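Small disclaimer: the values here were computed from a predicted structure and weren't measured. Values reported hereafter were calculated over all heavy atoms of this structure, with side chains retained and with hydrogens, waters and symmetry mates removed.
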Amino acid sequence: MSDSESMLSDLTLSDGVQGICSSQTFGSEKRDPKENRKEPSIKVIRHVTKGIKSFTSLIKYSHDSLWLGDDKFDVIKHVKLTGDNIQVISQIGIPVYDIAVTSDNNLLLSLLGETKLRLFNVNTGQGSDSRYNVASMCTFGIHVTKDQKVIIGADSTPFLHECRKVVIVMDKQGNRLTQYEHDNKNKPLFTLPHRITSTSNGNIWVVDHVELYGNGRVVMLQQTRSNVQIYDGHPDINSPNKPFDPQDILTTPEDNIIITDRNNHTLHILDHDGVIITYIRTDDVEIREPSSLALSGPGYFYIGCEFYMKGANYEHVNAKLYEVQYSGFEEIK
């Protein structure tokens with residue numbers, strides 16, 4: 001792999017609370033390799049195709065237990081992996097967009113067209129409105145940090161009187177702590193805040209869908225410095241003819257970032273400061289169109305994929321779930 005520059009932009013915040021920023025571009029080289037460091041790689045250890053048709057969000061719940069969210073068929077499923085098959089423990093018909101797990105092991109759900117996150121008690125099977133409310137906007141991507149802050153991507157497009165794209169950080173009580181929306185030219189930072197994660201240094205990472213299909217970016221909101229970075233992909237992989245297509249984002253226990261680049265069959269690996277480490281071609285291990293991500297256990301994570309017959313409707317969708325073992329990530333500091 002060449003040492004060409006990654007596609008990064010640096011945006012300096014003039015107001016960290018409201019996320020007002022001015023623009024300055026720069027290129028960031030890959031992290032220098034260390035002597036005797038193992039090259040990051042993945043190996044498929046489990047491949048599941050039976051028992052799943054479609055899912056658009058994925059989160060680990062317990063050992064070999066996952067929640068799958070599907071905004072195409074308006075359902076969430078609690079599933080257990082048994083060998084190479086999936087056993088459905090329970091399912092609920094609900095129009096979910098994204099899922100997060102709370103500190104007491106219940107679910108926060110971002111529902112299509114809703115202004116409040118929904119709280120779902122896994123033990124009782126009961127749902128209720130949460131205290132997390134984005135008022136006249138709709139919730140999209142959501143994330144719960146290690147210190148129990150809740151981060152919500154919100155979009156007011158369904159409410160035609162205004163058009164806002166916002167990322168909001170709330171405390172455990174639902175009070176707004178920080179809001180990111182515009183740059184210093186009053187231009188929005190986001191088009192559609194689709195998925196969110198965070199790293200231990202306080203950085204917030206947002207998968208932003210610039211177009212509905214096949215074009216996006218990752219926005220990193222830095223907490224330790226008053227700026228943000230924009231990651232548009234790697235020039236070895238991405239170009240105008242092969243645009244960056246981020247679908248999901250995951251923080252590893254080593255505090256590195258994994259991003260799925262669906263149409264290019266690639267994982268992009270960055271460190272917690274936004275420096276590109278490497279990329280991994282998933283089609284080299286026969287994983288095509290990687291979309292969803294979730295942790296599995298130490299040294300392992302899940303990759304979810306969906307496939308469509310060209311021109312077909314949702315009845316012809318097919319999903320696959322892979323559990324992969326990764327190596328080399330833990331040696332990157």
Side-chain angles (χ1 to χ4, degrees), residues 54-61 66-78 91-122 125-145 148-159 163-181 189-198 204-209 212 216 218-219 221 246-251 260 291-295 304 306:
S54 171
F55 60 93
T56 49
S57 54
L58 168 68
I59 195 162
K60 179 183 177 181
Y61 187 71
L66 302 165
W67 281 93
L68 309 179
D70 189 352
D71 64 10
K72 298 180 180 66
F73 294 95
D74 292 343
V75 66
I76 59 172
K77 295 181 181 181
H78 188 195
Q91 68 178 46
I92 304 158
I94 194 167
V96 68
Y97 188 87
D98 201 7
I99 306 173
V101 177
T102 66
S103 59
D104 52 4
N105 231 24
N106 291 313
L107 303 183
L108 275 178
L109 305 176
S110 171
L111 303 184
L112 293 169
E114 294 293 325
T115 64
K116 289 183 180 180
L117 297 184
R118 190 79 170 161
L119 183 63
F120 179 75
N121 188 306
V122 175
Q126 299 298 310
S128 60
D129 284 341
S130 77
R131 62 192 67 180
Y132 306 107
N133 188 353
V134 296
S136 62
M137 295 179 285
C138 291
T139 63
F140 282 87
I142 57 174
H143 171 66
V144 178
T145 68
Q148 298 306 301
K149 292 183 178 70
V150 174
I151 307 173
I152 305 173
D155 185 348
S156 68
T157 300
F159 300 91
C163 183
R164 299 178 61 195
K165 324 286 184 174
V166 184
V167 167
I168 301 168
V169 183
M170 297 184 180
D171 64 18
K172 199 171 182 179
Q173 287 70 44
N175 301 308
R176 296 192 184 194
L177 301 176
T178 313
Q179 179 169 300
Y180 300 93
E181 183 173 4
L189 288 171
F190 311 101
T191 303
L192 179 64
H194 174 68
R195 293 289 184 261
I196 303 172
T197 191
S198 63
I204 298 169
W205 303 70
V206 182
V207 172
D208 184 36
H209 279 182
L212 185 59
V218 172
V219 180
L221 308 167
Q247 293 297 313
D248 206 353
I249 190 164
L250 176 69
T251 304
T260 53
S291 183
S292 306
L293 290 168
L295 288 173
E306 284 193 334

**Q** Taking C-beta and beyond as the side chain, do R195 and P246 meet within less than 4.5 Å on heavy atoms?
**A** no
**Q** Using 0.5 Å steps for rounding, measure from the CZ atom of R118 to the CD1 atom of I76.
**A** 11.0 Å
**Q** List the steps, then state whether side chain to side chain contact (heavy atoms under 4.5 Å, CB included) holds for V207 with Q247.
**A** CA-CA 7 Å; V207 172; Q247 293 297 313; over 6 Å; no
**Q** Anything under 30° is parallel, anything over 60° is perpendicular, the rest tilted; go ahead and classify Y97 against F140.
**A** perpendicular
**Q** Out of curiosity, L189 CG to E181 CD, how far, rounded to the nearest 0.5 Å?
**A** 8.5 Å
**Q** Is the ring pair Y61/W67 parallel, tilted or perpendicular, if the boundaries are 30 and 60 degrees?
**A** perpendicular
**Q** Are a donor atom and an acceptor atom from the side chains of S54 and E306 found within less than 3.5 Å of each other?
**A** yes
**Q** I need the T178 OG1 to I151 CD1 distance, nearest 0.5 Å.
**A** 9.0 Å
**Q** Determine whether V122 and L107 satisfy the following criterion, side chain to side chain contact (heavy atoms under 4.5 Å, CB included), listing intermediate values before the conclusion.
**A** CA-CA 7 Å; V122 175; L107 303 183; 4.0 Å; yes
**Q** Side chain to side chain contact (heavy atoms under 4.5 Å, CB included), that's the test. Do M137 and I152 meet it? Break it down for me.
**A** CA-CA 11 Å; M137 295 179 285; I152 305 173; over 6 Å; no
**Q** Side chains of L250 and T197: closer than 4.5 Å at any heavy-atom pair?
**A** no
**Q** Please report the closest heavy-atom contact between G141 and D98, naming both atoms and the distance.
**A** CA-OD2, 3.5 Å
**Q** Looking at every heavy atom in both G153 and I196, which two are closest together, and how far apart are they?
**A** N-CD1, 3.5 Å
**Q** Which of these passes side chain to side chain contact (heavy atoms under 4.5 Å, CB included) with V150: I142, T102, V144?
**A** V144
**Q** State the NZ-OG distance between K165 and S156, to the nearest 0.5 angstrom.
**A** 6.5 Å
**Q** Within this structure, what is the CG-OG1 distance for the pair D248 and T56, rounded to the nearest 0.5 Å?
**A** 10.0 Å
**Q** Given the rule in the side chain to side chain contact (heavy atoms under 4.5 Å, CB included) test, do S110 and L117 qualify, once you have shown the distances and angles that lead to the verdict?
**A** CA-CA 5 Å; S110 171; L117 297 184; 4.1 Å; yes
**Q** Show the nearest heavy-atom pair for residues S130 and K116, with the distance to one decimal.
**A** O-CD, 4.1 Å
**Q** K149: what forms a side chain to side chain contact (heavy atoms under 4.5 Å, CB included) with it, not counting sequence neighbours?
**A** T145, D147, V169, L177
**Q** For V219 versus D208, what's the shortest heavy-atom pair and its separation?
**A** CG2-CB, 4.3 Å
**Q** With the side chain counted from C-beta on, respond yes when N133 and T115 share a heavy-atom pair under 4.5 Å apart, and no when they do not.
**A** yes
**Q** With a 4.5 Å limit on heavy-atom distance, are the side chains of K172 and Y132 in contact?
**A** yes
**Q** Which atom pair, heavy atoms only, marks the closest approach of V96 to V75?
**A** CG1-O, 3.9 Å
**Q** Could I get the full list of side chain to side chain donor-acceptor pair (under 3.5 Å) partners for R176, not counting sequence neighbours?
**A** Q179
**Q** Look up atom CG in D71 and atom CD1 in I94, then write down how far apart they are to the nearest 0.5 Å.
**A** 13.0 Å
**Q** Measure across L108 and L119 and return the closest heavy-atom pair with its distance rounded to 0.1 Å.
**A** CD2-CD1, 4.0 Å
